[in-house]
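Heads up: the structure comes next, in C-alpha cells.
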Amino acid sequence: MSDPTGSAEPAPFTAADFETRLRRAAEAAREAGLTGLLLTPGPDLLYLSGYAPVAITERITMLVVPVDGEPTMIVPKLERPDAEESPGSAVFALADWTDGSDPYEATARLLGPGRYALSDSAWAMHLLGLQAHLPDTTYGSMTAEIPMLRAIKDDDELARLAAAGAAADAAYGEILGVRFAGRTETEVGLDLADLLRRFGHSQVDFTVVGSGPNGANPHHEMGDRVIEHGDMVVLDFGGLKHGYGSDTTRTVHVGEPTDEEREVHEIVQRAQQAGFESVRVGVACQEVDRAARAVITDAGYGEQFIHRVGHGIGLTTHEPPYMVEGEQLPMRPGMCFSIEPGIYLPGRFGVRIEDIVTVTADGARRFNVTPREMAIVE
Ligand code: ZN
Ligand code: ZN
Ligand code: ZN
C-alpha cells in the first residue's frame, strides 16, 4: 500500500555507510582510552554493521572493533551465510565457531588484554565466558564509555525519525475521528496499530490507551475497560518506520471536560513547552527534566509527576540518553529524545503529552507537530 504521508522509502544503508560508522566508532573508542568495542546483536550491531540475526539466541555473535586493526565479526558457523549477506560484511572480517567447540575461546582470541566497551544488551553469560578466558581484560558498557556514538543522528537518520514522527502524527489525526465512548481500550488500541502500519510503520511497539483511572498508571497499555463519556484518555503509541522510531502521546477527552481536567491538562502542556524551550546545545540533559518539572511542581502537582521527562530514540523507541535528574551529558546537535511530562491522579485520571524533538544549532525542532491542546472526541 502506498504511504499516505507521502514519504518515500529511503535508500538502504550501504557498505560505505557502515565503513564510515566503524571508523568513527574506532576513533571514539580511542578517545575514550579503550582497546576496542564489542557489539552483540541488537541496536549497536545493527548500527555498525547492518546485521541483525534472525533470532538473538544463546549462541554468541560478536563484532570486535579494535582501535587498531581490522574489525572482525564472529558468528556461529550455521549463521555464517546470513552474516555474509549483511550489507556491512564487505568492510569487516568474518570468523566462525562450531557447536561443540568453546565459543568463548574462539572469541577471546580476537580480543587480547585491554579494556573494551560492550553492548549494554550483551548477554551476561557471554561476558562471563570471556572473563573466564581473559582474566586481565576489563569491560565497560557502551552507553557509559561512548555515550554519543548512536545518540547523535546524521542527516539520513534525522530524515527517518522525521518520517516516523509524521506517520505517528497522521495516525493521531485519524484516531480523533473514531468512536471512543462505548468501545474498549483494546479496540481503540488496535485502531491505532492499524493506522501506524497504514502510515508506513513496519513494527508497532506500543499502543497505550489509558482511559479514566487507567490513565493514572503510566505503564497501563490497554485492556477490557469500556471507555465512557467523561473519560480522559491517554494515547501513547509508536514503533518503527524505515528502521527508526516514533513515540508520541496526546491526552484526549470524551465529551466536554471539567474545569479541573482542563487545568491539569493545561499545566502538562505548559510543562512540555518549558521542556522544549530548555533545549540548548551544551546544556546538560537533566535541565530538560528540571524545566518541565518546575512547571508541574509550581502548580502543586510535583508528587504526581512520577517519571523522568524523556528518553532517547533512534533504532529503538527507548534508548539513552535519558532526560533525567543527574544526567550530565551535554545536549549536542542531532540528538533526538522525547519530552513527555505527565500528571497522574490515582483512581481518577492521568494526562501526558509527548513529542520527539531533535537538538538544533539554536534550540530544538519537534518531529511531532499535532496540536498539544486537549482534543474532544466522541
Ligand atoms: Zn472528564
Ligand atoms: Zn510514549
Ligand atoms: Zn516515550
Side-chain angles (χ1 to χ4, degrees), residues 161 164-165 167-169 171-172 175 180-182 189 192-193 196 201 203-222 225-241 244-266 268 271-272 275-276 285 288-289 292 305-324 327 335-345 347-358 366-368 370 372 374-378:
L161 284 158
D169 282 3
Y172 175 69
I175 204 73
F180 279 72
L192 270 172
L196 285 170
H201 278 62
Q203 180 179 317
V204 175
D205 286 0
F206 45 87
T207 51
V208 171
V209 181
S211 68
N214 289 341
N217 171 7
H219 271 169
H220 175 79
E221 268 254 316
M222 53 190 178
R225 186 178 182 278
V226 175
I227 301 168
E228 297 166 12
H229 190 85
D231 280 350
M232 284 282 227
V233 187
V234 177
L235 303 170
D236 183 351
F237 49 97
L240 298 182
K241 174 173 175 169
Y244 279 74
S246 69
D247 183 6
T248 186
T249 308
R250 292 292 182 265
T251 303
V252 302
H253 193 269
V254 187
E256 273 307 302
T258 63
D259 288 347
E260 183 196 25
E261 286 169 333
R262 268 194 195 290
E263 188 198 335
V264 170
H265 190 281
E266 196 260 342
V268 175
Q272 210 280 341
F276 177 75
C285 289
V288 182
D289 186 281
F305 178 14
I306 52 178
H307 55 73
R308 69 190 175 212
V309 84
H311 56 80
I313 189 167
L315 287 166
T316 68
T317 44
H318 282 81
E319 62 187 37
Y322 298 106
M323 316 316 279
V324 64
E327 181 50 85
M335 267 190 189
C336 299
F337 50 84
S338 70
I339 303 176
E340 50 180 306
I343 293 177
Y344 306 95
L345 305 177
R348 302 185 59 214
F349 66 91
V351 174
R352 182 166 64 259
I353 301 174
E354 171 180 27
D355 287 336
I356 300 302
V357 309
T358 185
R366 295 181 195 269
F367 286 149
N368 299 108
T370 58
R372 290 179 295 284
M374 179 170 31
I376 308 298
V377 295
E378 295 291 310

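Atoms within each ligand, like the ligands themselves, are counted from 1 in listed order.
- H311 has its closest N, O or S atom to the Zn ion (ligand 3) at the position named NE2.
- A donor-acceptor pair under 3.5 Å is absent between the side-chain atoms of D231 and the main chain of V254, judged by distance alone.
- The nearest N/O/S atom of E261 to the Zn ion (ligand 1) is OE2.
- Counting just the N/O/S atoms of D247, the one with the shortest distance to the Zn ion (ligand 2) is named OD1.
- Side-chain contact between T248 and D355: present, with at least one pair of heavy atoms (C-beta onward) separated by less than 4.5 Å.
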**Study point:** Worked verdict on H311 versus D247 for side-chain hydrogen bond (donor to acceptor under 3.5 Å, both in side chains)
**Key:** CA-CA 10 Å; H311 56 80; D247 183 6; 2.9 Å; yes
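- Here E340 fails the criterion, with no N, O or S atom under 2.8 Å of the Zn ion (ligand 2).
- When the Zn ion (ligand 2) is compared with the N/O/S atoms of E354, atom OE1 turns out nearest.
- The Zn ion (ligand 2) sits nearest to atom OD1 when only the N, O or S atoms of D236 are considered.
- You'll find the side chain of H220 stays beyond 4.5 Å of the side chain of R225, heavy atoms only.
- Two residues are said to be in side-chain contact when any heavy atoms from C-beta on lie closer than 4.5 Å; M232 and M374 meet this criterion.
- Vertex the Zn ion (ligand 1); arms to G230 O and H253 NE2; angle rounded to 10 degrees, 90°.
- A salt bridge is absent between R348 and E261; no separation between the charged side-chain nitrogens and carboxylate oxygens falls under 4.0 Å.
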